[in-house]
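Order of the sequence lines sets the chain letters (A, B, ...), proteins ahead of strands, with each chain counted from 1.
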There are 2 protein chains.
Amino acid sequence: MPKEITLCSPLDMHLHLRDGDMMKLVTPLTAETFSGAVIMPNLVPPVDSLELLLAYKKRILSSLGGHQFDPYMMLFFRGDYTEAELAAAKEYMLGIKLYPAGATTNSEAGVKAIDAVEPVFKMMEEMGIPLMVHGETHGFVMDREKEFLASYDYLAQKFPKLQITMEHITTADAVALLDEHENLRATVTLQHLIITLDDVAGGMLDPHLFCKPIAKRPEDREALLQAALEGHPRLMFGSDSAPHPVEKKECCGCAAGVFTAPLAIARLAQLFDKHDKLDNLQAFISDNAQRLYGVEPAEKLVTVANVPFEVPTAYTGHDQHVVPMHAGETLDWNVTSIKA
Amino acid sequence: MPKEITLCSPLDMHLHLRDGDMMKLVTPLTAETFSGAVIMPNLVPPVDSLELLLAYKKRILSSLGGHQFDPYMMLFFRGDYTEAELAAAKEYMLGIKLYPAGATTNSEAGVKAIDAVEPVFKMMEEMGIPLMVHGETHGFVMDREKEFLASYDYLAQKFPKLQITMEHITTADAVALLDEHENLRATVTLQHLIITLDDVAGGMLDPHLFCKPIAKRPEDREALLQAALEGHPRLMFGSDSAPHPVEKKECCGCAAGVFTAPLAIARLAQLFDKHDKLDNLQAFISDNAQRLYGVEPAEKLVTVANVPFEVPTAYTGHDQHVVPMHAGETLDWNVTSIKA
């Protein structure tokens with residue numbers, strides 16, 4: 001008998017489903033093995049009203065391919081949301097996602113940009129609406145997350161009851177900050193537990209491992225991995241799985257994003273097993289998120305076993321063609337049974 | 001009258017001309033504006049005998065397109081060269097290029113790998129043959145040069161009369177080391193005076209700016225630029241211009257190398273003028289190399305003026321298609337006259 005583990009209701013707390021044909025291709029690839037996922041609102045135009053949110057949710061629900069799946073919706077942060085807008089939207093969303101476009105290389109300026117929208121944070125804190133943040137400045141690519149940490153620190157202190165998620169953290173410094181404030185939590189992707197900048201640009205340039213935030217140094221990966229393996233109570237799996245058409249990846253000037261949704265559970269099981277920490281995978285991939293966000297996903301029992309999984313070279317359909325991480329490679333673990 | 005400067009006998013102290021059709025395309029693009037260049041011996045198979053060196057030089061001389069140009073040849077380092085081999089080759093080459101394939105992430109191990117071939121360094125020192133080194137370990141991509149500096153330091157002390165060139169330096173630490181030992185000199189590329197990792201991977205991934213060693217941090221670029229602008233007496237221009245067919249660049253898994261030969265002089269003039277250091281360009285682009293290597297290139301007077309230069313989107317010919325740095329952009333300076 002191969003070694004195996006049964007996960008209860010896996011959750012992906014940071015997911016890009018896109019829209020249109022791409023959404024139709026990738027949504028079932030997540031909905032098959034996950035009970036639910038937090039859906040990023042960065043469409044064009046962004047999902048920044050209840051009306052747009054409900055319409056997007058409806059399109060997602062029509063793309064599930066028959067799988068049982070809960071899309072946890074988010075609003076795209078705007079500095080001018082009114083209390084009435086937030087009150088109306090609250091029951092339909094998990095939180096609001098902030099992309100701090102105004103932040104600069106200077107973290108003080110980053111905080112200043114945040115200053116201007118503090119009334120919205122105050123409302124969110126009082127109404128119990130979580131804030132999810134893409135925490136990067138516009139500085140040097142290897143420093144962007146670290147420079148933003150002062151903003152997280154400021155927000156966590158200024159709004160002690162605001163639930164703040166540091167999305168897709170990539171540095172040892174972010175892991176350290178997580179332990180500083182009880183109202184901070186974080187997501188981390190599959191790839192940032194596995195790769196460093198070496199894998200992106202140390203040999204040949206690999207566009208399929210290019211993402212934002214960019215993969216950092218070996219000591220950063222090590223800190224992220226240790227926190228995940230130990231089942232850190234405020235660290236959650238968020239794939240940031242981000243499909244792009246292949247022509248936007250394998251070209252001069254490639255778009256950022258790694259597509260991991262269809263293989264994330266198998267690859268995580270392989271990783272946790274390698275470090276003899278399989279028992280902590282349930283916390284990382286579901287329990288922490290359920291407790292932190294108070295979500296109660298429908299039960300889905302996903303068994304993963306130590307059997308080979310040949311990752312397709314691409315996922316195609318609906319006129320789309322997406323190349324996943326580990327394309328064409330054979331993983332040591334695979335999903336062997338799903339009971340919804 | 002636009003501002004202008006006349007350079008005397010520009011030299012490119014680190015150049016890849018490749019072979020075959022690519023050599024036929026790119027050689028005239030350097031030979032037109034440079035008096036001479038140091039030709040890298042990393043063909044497949046490598047140029048590691050006098051016979052191969054003379055044959056390669058002959059092929060280069062037949063590809064000049066009518067321009068006056070001296071190819072300064074190099075042998076590819078081997079640990080088993082005999083004194084007789086080196087004595088026979090000495091008058092036909094400028095030096096020997098070492099790619100320390102045995103070096104590892106650990107700089108001590110790097111030195112150890114170098115240990116084993118010290119008899120060859122001893123012969124080179126005694127015969128007055130310069131050693132050119134690709135100074136990178138196999139460590140994390142941003143640390144490879146820094147980790148190798150201990151090996152340079154060791155070699156410079158152990159062989160005080162061996163002339164050692166740190167090729168294509170990319171870090172502030174390498175600039176600092178240059179000042180530690182009189183027998184160290186260095187080359188630096190055009191792109192490392194201009195770009196950082198941000199330009200390669202901070203926005204979209206740009207394969208045309210991907211090279212080895214990879215572009216580093218802003219403070220590294222600043223240190224390199226200041227040393228070049230001040231005409232540091234042991235720093236020389238070496239383009240490391242490295243043409244690849246476009247299909248090896250704009251693809252999944254792109255090869256390392258930036259093609260700058262046809263625009264290097266114009267872009268350097270623009271850069272030095274921007275910092276009000278045009279007077280130091282002659283030292284950087286020729287005089288330092290002439291003095292350090294004792295070469296006496298044929299006189300070629302190259303005038304560069306503050307007039308627009310539309311960089312082609314590609315250089316094509318001999319069934320080759322190469323995309324240069326700044327493809328399709330307009331530079332502020334251009335070569336306006338060449339007198340050979």
message: Within the supplied structure, the quantity of interest is the number of heavy atoms (other residues, nucleotides, ligands) at a distance under 6.0 Å from E230(B) CD; does it exceed 12?
response: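 Enclosed.
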field: CG on D198(B) to CZ on R144(A), rounded to 0.5 Å
entry: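 Atom-to-atom, R144(A):CZ and D198(B):CG are 5.0 Å apart.
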message: My understanding is that only residues two or more places apart in sequence, or in another chain, count here; which of them pass side-chain hydrogen bond (donor to acceptor under 3.5 Å, both in side chains) with E219(A)?
response: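 Result, side-chain hydrogen bond (donor to acceptor under 3.5 Å, both in side chains) vs E219(A): R217(A).
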message: Treating K212(B) as the side-chain partner and M204(A) as the backbone partner, does any N or O pair qualify as donor plus acceptor under 3.5 Å?
response: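 Judged by distance alone, no pair lies under 3.5 Å.
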Run the side-chain donor-acceptor check on residues 317-328 of chain B: report pairs under 3.5 Å with partners two or more places apart or on a different chain.
from: H326(B); atom 1: ND1; to: E329(B); atom 2: OE1; distance (Å): 2.9
from: H326(B); atom 1: NE2; to: R267(B); atom 2: NE; distance (Å): 2.9

task: Measure distances from I214(A) to the heavy atoms of chain B and classify the residue's part below 4.5 Å as side chain, backbone, both or neither.
output: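 Contact with chain B: side chain only.
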Closest approach of F140(B) to P218(A) (non-hydrogen atoms, all atoms of both residues):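 Result for this residue pair: CD1-CD, 3.4 Å.
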